[in-house]
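Quantities reported herein were computed from a predicted structural model and do not represent experimental measurements. One-based numbering, in listed order, for ligands and for the atoms of each.
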Amino acid sequence: MAKNPKGDALNPRTTTYEFLGPPGALLISIGVPVMTYALYFGCSETSGGCPPPLSLVPDRILEAVSSKDWWTGLWDTEAAVIYLAWYAFCVVAWAVLPGDWVEGVQMRTGEKKKYKINAFSTFLLALGVTSGYIWRNGPESFTFIYQKWVGFVTASLVMSVVQGLVVYIASFRQGALLALGGNSGNPIYDFYIGRELNPSIGSFDVKSFNELRPGLILWVLVNISMICEQAVRRGGLANVTDSMWLVLAFQTWYVADGLYNEPAIFTTMDITTDGFGFMLAVGDLTWVPFVYSLQARYLVFKPMELGALCATGILALNLLGYYIFRDANGEKNDFRNGRNPKNLQYFTTEKGSKLLTSGWWGRSRHPNYFGDILMALAWSLPTGFDTPITYFYVIYFSVLLIHRQRRDDENCEKKYGKDWETYKKLVPYRIIPYIY
Ligand SMILES: NC(=O)C1=CN([C@@H]2O[C@H](COP(=O)(O)OP(=O)(O)OC[C@H]3O[C@@H](n4cnc5c(N)ncnc54)[C@H](OP(=O)(O)O)[C@@H]3O)[C@@H](O)[C@H]2O)C=CC1
Ligand SMILES: CC(C)=CCC[C@@H](C)[C@H]1CC=C2C3=C(CC[C@@]21C)[C@@]1(C)CC[C@H](O)C(C)(C)[C@@H]1CC3
């Protein structure tokens with residue numbers, strides 16, 4: 001424990017733990033990198049399949065463990081330099097591309113932070129440069145992400161650890177505003193969960209930048225690299241399978257939507273409540289681009305033609321999920337910004353804040369999560385049913401959102417007290433209306 005066990009008026013001590021406290025934080029901090037590599041080695045052609053035949057696994061593990069320098073195979077200097085250049089591109093784009101400055105929600109100091117809105121134009125610029133490059137040099141010129149996969153994962157992990165450490169150390173400076181949940185005094189826990197609420201360098205906000213730009217946009221570029229690799233193997237872009245195009249279209253749309261609606265993230269839990277620590281750094285920079293793209297990577301070495309009927313069914317599921325996700329997020333975002341275009345019902349809490357009780361937010365307490373889970377399923381179905389591994393995303397995501405919903409419920413209970421109990425009676429379902 002630090003000098004001041006109760007914290008101070010601005011930054012009170014965190015007295016309750018989430019994620020099972022320090023042991024859980026340590027386990028996830030080690031587990032996320034291990035899982036990212038495991039999903040590659042457990043599902044790739046280099047290791048023999050998805051999963052590799054069981055008979056191969058003990059030999060491969062023994063080979064790796066007995067080889068003295070197995071870990072050097074995880075490092076690729078060229079991939080690290082490209083990754084660093086990519087990160088620098090995102091920072092420069094943030095600085096030079098024009099964008100409105102928009103206020104976030106009020107913090108507990110009474111202040112509102114201002115954020116530059118140009119994530120979508122950064123995305124368009126990155127897509128333009130990449131398409132131009134592929135157009136000029138052919139799809140074979142952009143397969144290097146597929147070829148150097150492990151090197152890119154390691155580079156992004158190094159970046160996450162460095163950022164996690166830097167923001168943790170910097171959070172001890174005088175006057176830093178800490179997250180209410182990130183000031184426990186336990187270094188492992190605080191490093192993981194995020195000690196400082198909004199680490200920034202001048203007007204550059206590290207948390208929102210990482211959440212929307214270097215990882216989310218890279219996810220689309222990774223998928224494009226997978227398409228290029230499939231195109232090279234199958235004799236041109238015209239022969240890329242419908243399943244691969246569907247995965248690219250769904251996930252690009254999802255990313256484009258998040259970036260286009262950039263101001264909507266300022267009302268999400270990550271921005272308003274959570275600090276920025278290793279959890280968000282590694283989630284944004286490693287997990288999103290290199291785990292969320294598993295389906296596209298799988299389709300490179302297991303190409304699959306779906307046919308019109310299956311493709312239409314999967315498309316319909318994705319559209320339904322997207323409609324619920326966007327409409328629900330839109331209703332809340334409008335409402336939190338003082339607009340109520342659908343004239344939805346609400347009640348005013350004792351704190352003065354209002355809660356919607358009709359529309360999507362009258363059907364369940366997290367309708368947006370429901371839409372997100374339907375989309376996640378639509379992104380895995382194009383990989384068929386030969387392996388459960390490509391369904392990892394839906395399973396992990398459902399667990400994440402069920403846990404996140406409970407965390408948010410607890411936070412709202414603290415925030416709104418008995419008013420939250422009243423809301424829970426009015427809206428009893430957590431995520432899926434009439435079911436859960
Ligand atoms: N693809 C991915 O990996 C992930 C995607 N997501 C997506 O990100 C989005 C943001 O999610 P998240 O930050 O978890 O939470 P939400 O956007 O759902 O926001 C939760 C907050 O909304 C406010 N709220 C709750 N109920 C009401 C109501 N009835 N009326 C008005 N406001 C209400 C509360 O804050 P307050 O009252 O203080 O305003 C609450 O804390 C979701 O769409 C989610 O699906 C999330 C995680 C991972
Ligand atoms: C395994 C681990 C350490 C998980 C950390 C969780 C993060 C991967 C996610 C937490 C919240 C996220 C959001 C998005 C991506 C995943 C993370 C970072 C998001 C940017 C995706 C696009 C959406 O439109 C969104 C902007 C609503 C969303 C915000 C939350």
Side-chain angles (χ1 to χ4, degrees), residues 19 25 28-29 31-33 35-36 105-106 119 160 164 192-194 207-208 210-213 215-217 219 251 253-274 276-289 291-292 321-322 324-337 340 344-347 349 351 353-376 379 393 396-397 399-401 403-405 407-416 419-420 423-424 426-427 431:
F19 298 95
I28 305 174
S29 299
V32 168
M35 195 65 195
T36 311
V105 299
Q106 196 171 36
S160 312
Y192 165 78
I193 200 93
K207 186 167 62 171
S208 60
N210 275 325
E211 182 135 331
L212 285 187
R213 293 145 202 257
L216 210 57
I217 301 177
W219 174 18
Q251 298 187 344
W253 184 261
Y254 184 71
V255 170
D257 173 89
L259 302 174
Y260 187 76
N261 293 294
E262 184 173 5
I265 74 153
F266 306 132
T267 59
T268 65
M269 202 164 126
D270 312 72
I271 305 296
T272 58
T273 315
D274 290 343
F276 181 71
F278 183 65
M279 175 179 83
L280 272 185
V282 77
D284 293 340
L285 302 178
T286 301
W287 194 253
V288 168
V291 171
Y292 287 20
Y322 175 72
I324 298 173
F325 166 83
R326 178 50 36 230
D327 212 36
N329 278 336
E331 281 180 3
K332 188 193 66 169
N333 193 46
D334 276 342
F335 193 65
R336 280 286 168 260
N337 286 302
N340 186 2
L344 298 170
Q345 289 164 15
Y346 60 87
F347 81 90
T349 62
K351 268 197 79 181
S353 196
K354 295 173 180 136
L355 290 171
L356 286 165
T357 52
S358 73
W360 284 110
W361 298 84
R363 293 186 189 115
S364 82
R365 302 203 291 279
H366 266 101
N368 45 354
Y369 290 1
F370 178 42
D372 229 332
I373 292 171
L374 292 180
M375 282 191 282
W379 302 349
Y393 178 69
Y396 134 82
F397 197 49
V399 172
L400 175 112
L401 291 183
H403 177 250
R404 203 171 157 96
Q405 190 279 328
R407 281 182 76 206
D408 193 46
D409 234 28
E410 279 168 25
N411 286 336
C412 287
E413 207 147 339
K414 279 186 210 144
K415 223 177 329 180
Y416 296 123
D419 284 324
W420 191 250
Y423 175 62
K424 274 166 64 173
L426 288 170
V427 186
I431 297 176

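Considering each of Tyr254, Tyr346, Phe325, the one bringing a non-hydrogen atom nearest atom 1 (N) of ligand 1 is Tyr254. Distances from atom 30 (N) of ligand 1 to the heavy atoms of Leu356, Ile324, Thr268 show the closest one on Leu356. Between the choices Tyr292, Phe347, Tyr369, the shortest heavy-atom distance to atom 3 (O) of ligand 1 belongs to Tyr292. Looking at Lys354, Arg336, Met375, Lys351 and measuring to atom 33 (C) of ligand 1, the nearest heavy atom belongs to Arg336.
We find that Asp274 and Arg404 are not joined by a salt bridge, their nearest charged nitrogen and carboxylate oxygen being 4.0 Å or further apart. One finds a salt bridge joining Arg365 and Asp409 here, because a Lys/Arg side-chain nitrogen approaches an Asp/Glu carboxylate oxygen to under 4.0 Å. In this structure, Arg326 does not pair ionically with Glu331, as no charged nitrogen and carboxylate oxygen lie closer than 4.0 Å.
Here the heavy atom of the protein found nearest to atom 13 (O) of ligand 1 is Met269 N, 2.7 Å. If you check which protein heavy atom lies closest to atom 44 (C) of ligand 1, you get Asp372 OD2, 3.4 Å. The shortest contact between atom 26 (C) of ligand 2 and any protein heavy atom is with Ile265 CG2, 3.4 Å. Nearest to atom 27 (C) of ligand 1 among the protein's heavy atoms is Leu355 CD2, 3.7 Å. Looking at atom 16 (P) of ligand 1, its nearest protein heavy atom turns out to be Lys332 NZ, 3.2 Å. Looking only at heavy atoms of the protein, atom 15 (C) of ligand 2 is closest to Val288 CG2, 4.1 Å.
Within the 4.0 Å cut-off (strictly below), a protein heavy atom is located near atom 11 (O) of ligand 1. Within 4.0 Å of atom 22 (C) of ligand 2, at least one protein heavy atom is present.
No side-chain donor-acceptor contact under 3.5 Å links Asp372 and Asn368. Looking only at atom types and distance, the side chain of Asn340 has no donor-acceptor partner in the side chain of Tyr346 under 3.5 Å away. There is a side-chain donor-acceptor pair under 3.5 Å between Tyr292 and Tyr396. Tyr416 and Ser353 form a side-chain donor-acceptor contact under 3.5 Å, judged by distance and modelled atom types alone. For the residue pair Trp379/Gln251, the side-chain donor-acceptor check at 3.5 Å is not satisfied.
At a heavy-atom cutoff of 4.0 Å, ligand 2 is contacted by the side chain of Phe325 but not by its backbone. Heavy atoms of Glu262 found under 4.0 angstrom from ligand 2: none, in either backbone or side chain.
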